[in-house]
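Quick caveat: nothing in here was measured; it's all calculated off a predicted structure. Throughout, numbering of the chain's residues begins at 1 and tracks the sequence. Reckoned from all heavy atoms, side chains included, excluding hydrogens, waters and symmetry mates.
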Amino acid sequence: FGRADLGGTFVERMQELVQLVQTDRLAFSFISDAIVFGIFQGALVPSDAARRGASDASWRPVILAARLIPYYGLVLWFLTRPALPANTE
């Protein structure tokens, strides 16, 4: 993980990340925004899938990836989701 020339084990790097998030407001803001975005993404993708009729088992891996992988999962969902059903009214 990461650049080998910077040295340090994974545990040391995680400790540095925790220290950075605790002291830098921008890093804290980024991490908290990513968490909130991930929660909303995980909640909104299944409702969009149901609205588009993508509820069968063939869509389950794409929906799961879209719910659990922040940002990139949502891009995958946008690129592969089915079209909205035509309104018959």
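For Tyr71, the OH atom counts as densely surrounded, since its 6.0 Å shell holds more than 12 non-hydrogen atoms of other residues, nucleotides or ligands.
Between Thr23 and Phe28, the closest side-chain pair of non-hydrogen atoms is not below 4.5 Å. Within the 4.5 Å cutoff, the side chain of Ile63 has heavy atoms near those of the Arg67 side chain. Trp77 has its side chain within reach of Trp59: a pair of non-hydrogen atoms, C-beta onward, lies under 4.5 Å apart.
Separation of atoms CG (Asp24) and CD (Gln19) is listed at 9.5 Å; rounding is to 0.5 Å. To the nearest 0.5 Å, atom CG of residue Asp48 and atom CZ of residue Phe78 are 7.5 Å apart.
Residues Leu76 and Leu74 fall within the same hydrophobic cluster, defined by Ile, Leu, Val, Met, Phe, Trp and Tyr side chains chained together at heavy-atom separations under 4.5 Å. Cluster membership check: Ile39 does not share its hydrophobic cluster with Leu44, using side-chain heavy-atom separations under 4.5 Å among Ile, Leu, Val, Met, Phe, Trp and Tyr. One hydrophobic cluster, built from ILVMFWY side chains closer than 4.5 Å, holds both Met14 and Ile31. A continuous path of hydrophobic side-chain contacts links Leu17 to Ile35 [ILVMFWY only; heavy atoms under 4.5 Å]. In the hydrophobic clustering of this structure, Val62 groups with Val45; members are Ile, Leu, Val, Met, Phe, Trp, Tyr whose side-chain heavy atoms approach within less than 4.5 Å, directly or through other members.
Listed here is the closest heavy atom pair of Ala43 and Pro46: O-CD, 3.6 Å. Closest heavy-atom contact between Arg52 and Leu84: NH1-N, 3.4 Å.
Side-chain atoms of Gln41 never come within 3.5 Å of backbone atoms of Val36 as a donor-acceptor pair (strictly under, hydrogens ignored).
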Quick one: do Leu20 and Glu16 satisfy side chain to side chain contact (heavy atoms under 4.5 Å, CB included)? Show the steps, please.
CA-CA 6 Å; Leu20 177 68; Glu16 289 179 17; over 6 Å; no

